[in-house]
Every structure is written in structure tokens, then in C-alpha cells.
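Everything below concerns the one structure shown next.
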Amino acid sequence: MNRDKLIFERGAPGRRCVAFPAAVDSGTEIPETMRRDVPPGLPEVSELELVRHYTALSQMNFSIDTHFYPLGSCTMKYNPRVHENAARIPQIAGLHPLSENAQPALQILWEMEQVLKAVSGMDGFTFQPTAGAQGEFVGISLIAAYHRAQGNTKKIVLIPDSAHGTNPATAAICGYSVQAIKSTERGTVDVEDLKAHLTEDVAGLMLTNPNTFGVFEDEIEDIAALVHDAGGLLYYDGANLNAFLGQCRPGDMGFDVVHINLHKTFTTPHGGGGPGSGPVGVKQALLPFLPLPVVLKEGNAFKLDFDRPESIGKVSSFYGNFGMVIRALVYAKMLGAEGMRRTSEMAVLNANYIAAKLDPHYDRPKNAQPMHEMVFSASRQKKANGITATDIAKRLIDYGVHPPTIYFPLPNVAPETMLIEPTETESLEQVNDFIEAMIQIAKEAEENPDLLKEAPHATPVRRLDEATAARKPILRFKTNNP
Amino acid sequence: MSDIPEDLLFNSDHDWVRIEGDTGTCGITDYAQGELGDIVFLELPEPGDFVTQGESYGIIEAVKTVSDLIAPVSGEVVDVNIQLTDDAALVNDEPYGEGWMIQVRLSDPSETEFLMDAHAYAGLVDE
């Protein structure tokens with residue numbers, strides 16, 4: 001089957017999957033102004049063509065179900081199938097979202113809130129945010145609402161230079177100006193630089209812990225005290241929670257607002273298989289501002305509380321991506337507290353094993369012990385043979401490995417970065433295969449650099465010209481009836 | 001080894017300025033374009049805008065990353081290289097020539113003392 005064709009380029013005019021009887025047009029039900037002049041430009045294919053087209057596309061997928069996927073800070077874990085079974089129980093999957101008094105559904109939300117409170121040390125959660133970035137938006141909106149309620153008009157959010165790009169974007173969208181805090185030699189927050197930036201205009205500090213170098217912010221308690229003394233709040237980006245799940249808690253470190261990615265830490269599908277879920281938790285003082293409604297337990301019954309005059313309002317339809325909460329709750333209940341501790345221990349062990357094995361072959365820009373992920377650099381290979389992080393990433397595809405996150409942390413923080421996160425769900429054999437591939441690629445970089453420059457070799461399409469694609473895009477989406 | 005013209009001044013963010021009378025023409029260095037890789041998009045100020053030394057005056061987007069352009073000098077923007085809107089690759093091809101970004105009327109010529117000459121900048125890139 002020719003894989004290059006779009007669905008619109010298949011089939012023939014008038015071809016259909018199903019032959020519907022002709023519609024009866026009474027001529028009165030749809031006003032003239034609301035009628036189309038031309039039929040919609042839909043694909044015209046048979047059912048078999050349709051099935052083959054999408055099956056062929058699905059077979060080109062490079063996913064956690066097919067390949068090792070060490071995409072740093074994305075926590076691409078295996079998604080256990082038992083979660084899918086639970087989420088597809090007809091009585092749950094078929095529940096109408098307006099069944100606002102459906103006790104089992106409210107109980108699932110309430111129980112998951114108790115789990116997240118226990119692992120984060122926060123006092124209450126909302127499940128409305130449908131992804132981490134929206135969780136950040138809600139979190140910073142809550143911080144803004146809190147400051148406004150105190151009569152403060154703070155203007156600045158501080159963010160380390162190694163942070164995820166969504167952090168500054170979030171602060172800017174919430175109306176704050178962003179100031180970057182430098183990283184130390186170890187990749188942690190430079191406390192002196194933080195002090196220099198702390199003024200009464202600072203609304204808060206957004207921090208990921210462990211940070212994007214995979215390094216634990218061991219001065220977090222001092223950092224929290226400094227920010228609080230200046231009248232600011234601490235925001236915890238939960239991207240890297242998998243590193244210390246069940247070991248320690250952001251709430252105890254001094255964070256006031258957290259978001260947790262159920263699609264990372266709690267194994268719900270993501271990376272095209274989502275949707276995501278980014279619940280946000282807060283300390284007592286921020287509870288009144290949570291999006292409405294929130295789930296309350298009264299006796300043995302549960303209810304949705306809409307009577308929240310200080311709430312920032314609704315941030316998504318219904319209660320967020322409820323199906324993800326079911327999956328996450330099954331995961332949490334199956335692991336238990338002890339299982340969660342083992343999870344983070346194995347994630348950290350896998351990462352440190354990889355770091356130790358690859359240290360002789362690649363530079364590691366920040367020389368601190370990583371937790372669940374580590375940053376290597378291709379700077380040695382670039383200097384010697386002109387091999388970049390992109391070349392190594394592309395060559396890894398030939399070895400059956402999804403490329404790690406590259407050029408993040410950003411080039412102004414460290415050059416030619418490769419951010420590798422194996423997670424706890426990979427076997428020792430798989431981790432060893434990956435290490436072997438990376439060592440082999442380091443050898444190839446010296447002996448046959450062109451092999452890397454031209455990689456990948458074993459994929460349906462070879463190295464794509466991303467620059468020309470961005471500079472001169474050719475858009476092929478065309479239909480007969482625009 | 002990247003190209004570093006002798007007649008330019010540099011800041012530590014790899015931006016250059018060519019001072020001619022009371023105007024300064026700004027761009028990014030050969031080293032910077034090499035590190036960024038293929039440049040695909042630029043967001044530049046408008047003539048009449050004011051840029052401040054050490055602060056962002058625009059955004060440069062490469063295939064692998066997005067960075068701020070940091071003004072090496074302060075002043076009013078008198079000209080913008082609109083060619084870059086159609087052909088951002090000029091920055092890769094001729095970072096010191098057709099790939100220039102903005103021309104500024106210097107508000108404080110003494111600011112240049114905070115910049116590096118070619119020799120000092122070569123030391124920074126070598127590190």
C-alpha cells in the first residue's frame with residue numbers, strides 16, 4: 001500500500017463506506033441561511049480503503065507499546081492494561097457527564113483526591129485541568145487570585161533558566177512578567193541569584209524538583225523560606241514527581257501549589273494516546289480559589305459543591321478528563337504506598353545505572369548525581385567529528401529506540417543536550433540494550449560519522465528537512481469541495 | 001573555528017553591533033548561528049521602537065530551539081531587515097552581512113564600553 005497518500009487522495013468521487021438512504025428534505029426544518037452551498041469536503045473512500053489507510057499509519061507508530069521511549073521529563077511509562085479494563089466498565093464508561101449526583105463517579109474523584117493529597121502533602125485538589133500546561137495555568141491563576149484577595153498587585157514570576165518552556169509561557173499568559181534565575185554548576189537554583197531577584201513585586205517561584213537536569217534541589221527548604229519571606233508563593237511543576245513518588249512530598253518542602261501529571265506519574269496514556277490530566281493541589285490558604293465545583297464528602301455521600309464565591313471559576317467542561325482519573329486510581333490502589341516507593345526507587349536506579357555506564361562515552365554538563373533522568377551532551381562528539389545531538393537521536397531510531405528529548409535544557413544553559421529518562425517500567429535487558437546502542441553510536445561517531453549524519457536508515461521516511469518544512473511548508477490538505 | 005570580524009563589538013549573548021557614527025547595526029554572530037542551526041523565523045521590532053542594552057529586542061527561532069535576541073546597544077530602531085521575513089536562512093548564510101537584523105540610533109554611545117572587541121569575544125567562544 002502506498003503510504004504517501006493522504007486519505008483525501010484515496011478513493012473516487014461518490015465512493016462511500018455506507019450507503020445511507022436518501023434524506024427526506026421537507027424544506028422547512030433548516031432555514032435557507034443555514035444551508036450549505038456545496039457538500040462538505042469529506043474523504044470519499046470505501047470502508048476497506050479506510051481501514052487499510054489507518055492501519056498502515058498505525059503500523060508506522062513508534063510508541064511505548066512498540067519501542068523503548070526514554071523521552072526525558074515526559075515519563076513515558078508502560079500503561080498497564082488493567083487500567084483500561086476498569087475505565088471501560090460499561091457502567092462507568094457509559095455514565096452521562098451530567099449525572100452530577102452519580103455517587104460512584106464522585107467517589108472515584110474523591111478517593112483519587114485523597115491519594116494525591118497523601119503523596120503531595122497538599123490540602124485539596126481540582127481534577128479539571130486536562131494537561132500539565134493547563135494545570136500550570138490554573139496554578140498560577142490561583143496564586144494570582146490569592147494575591148489579589150490580599151490586595152496585592154504583584155507583577156513578577158521567577159523561573160530557573162533550566163525550566164520547561166511552559167513555565168514562562170504560563171506566567172506570561174497569566175499577566176506576569178518573567179525573570180530567569182541562573183543555574184549553578186550542579187544545575188540547581190543559584191540561591192544568590194534568587195536573592196538578587198526577590199522583591200515585594202514577586203508573586204511566586206515556579207520550580208520543578210528534581211529539576212530538568214534530574215538533580216534534586218537540596219536547598220529547597222531555604223529557597224521556600226526566602227520566597228515566603230518576600231511574600232511570594234511556591235509553585236511545583238509535577239513533571240518530575242516520578243523521581244520521589246512515595247519518598248518525600250512537595251507540600252513538606254514548602255510548595256503552596258502543585259500540579260501532577262496523571263499521564264506521567266500515574267501511567268495514564270500520553271504521547272498521542274492521551275488525553276492528559278493535570279490535577280492541581282493547593283495548601284489550605286488557597287482552597288477557596290479552586291475551580292468550581294469541588295467534590296465534598298458528607299457522611300457516606302458525595303456531592304459537587306458549586307457554592308464557592310471566591311473560586312476562579314470553571315477551567316474545563318465537566319470535571320476534566322475523568323477517564324484518566326479512573327485509570328490513575330486503579331494504578332494507585334494496585335501499587336499502594338510501598339509500591340509507589342519501589343516505583344521511584346527503580347526509576348532512580350535505572351537512570352543512575354545508565355548515567356554510570358555512559359559517563360565514559362559522553363559528557364555530562366552538570367556534574368551532580370541525577371535522580372530519575374540525566375542530561376548528556378554531544379559536545380565531545382561535536383568537537384571531534386561534527387556530530388550533533390540530533391544525529392545521535394536520529395541514529396538511535398535505527399537501533400529501535402525512540403530518541404530522547406534533545407536541545408533541552410536549552411542550548412544557552414548547556415550545549416547539545418540529550419535528556420534521558422528510562423522510567424521504572426523497563427527491564428534490565430532493555431536498559432542494557434539501550435546502553436549498548438549509545439556506546440556503539442559513540443564509536444560510529446568517531447569511525448563513520450556519515451552514518452550518523454544520514455540516519456535514520458531503517459525508517460519509512462529518512463531524515464526530514466525540518467528547516468525547509470518550516471520555511472516553505474507545502475500543505476497538501478486539499479478537498480474537492482473547499 | 002567561527003568567523004569573527006575585527007570591526008565589530010560583541011555582547012556575551014553572541015550578538016554583534018557595527019558602530020558607524022551615531023548608528024549601530026545589530027545581528028547575531030557566526031558562532032551563534034552555528035549553535036542555533038537552521039533558522040526558520042524571526043520576530044523583530046518595528047522602526048520607532050526603543051531597544052535597551054542587555055534586554056530582549058526580538059525572537060529567533062531555529063529548528064531545535066527558540067532564543068531571545070539581546071540588544072548590544074540602546075536606542076531607537078531606525079531600520080529593520082525585512083528581507084529576513086521571507087528568507088530567515090540569510091542569518092545562517094551571512095550572519096555579518098545580509099543577515100543583519102536592526103539598525104539603531106544610539107541613545108548612549110558610551111554603552112559600547114560594556115561590549116567586547118573581536119579578541120575578547122574569540123576568548124569567550126573558545127571556552
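Nothing here was measured: the structure is a model prediction, and the numbers come from that model. Chain identifiers are assigned alphabetically (A, B, ...) following the order of the sequence lines, protein sequences preceding nucleic acid strands; residue numbering begins at 1 within each chain.
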For B:Gly34 versus A:Lys382, what's the shortest heavy-atom pair and its separation?
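Distance-wise, the nearest heavy atoms are O-NZ, 4.2 Å.
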
Please report the closest heavy-atom contact between B:Asp38 and A:Ala467, naming both atoms and the distance.
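Scanning both residues completely, I find the closest heavy atoms to be CB-CB, 3.3 Å.
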
Is it true that a side-chain atom of A:Arg471 and a backbone atom of B:Ile39 form a donor plus acceptor pair closer than 3.5 Å?
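Yes: the side chain of A:Arg471 pairs with the backbone of B:Ile39.
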
Take atom [atom1] of [X] as the centre, draw a 6.0 Å sphere, and report whether it contains more than 12 heavy atoms from other residues, nucleotides or ligands.
| X | atom1 | result |
| --- | --- | --- |
| A:Arg380 | CZ | yes |
| B:Glu94 | CD | yes |
| A:Lys182 | NZ | no |
| B:Tyr96 | OH | yes |
| B:Glu46 | CD | no |

Measuring heavy-atom distances to chain B, does A:Lys472 have an atom under 4.5 Å in its side chain, in its backbone, in both, or in neither?
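A:Lys472 has no heavy atom closer than 4.5 Å to chain B.
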
What part of B:Asn92 gets within 4.5 angstrom of chain A, counting heavy atoms only: side chain, backbone, both, or neither?
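When you check distances to chain A, only side chain atoms of B:Asn92 fall under 4.5 Å.
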
For B:Ala62, is it the side chain, the backbone, both, or neither that has a heavy atom closer than 4.5 Å to a heavy atom of chain A?
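Neither part.
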
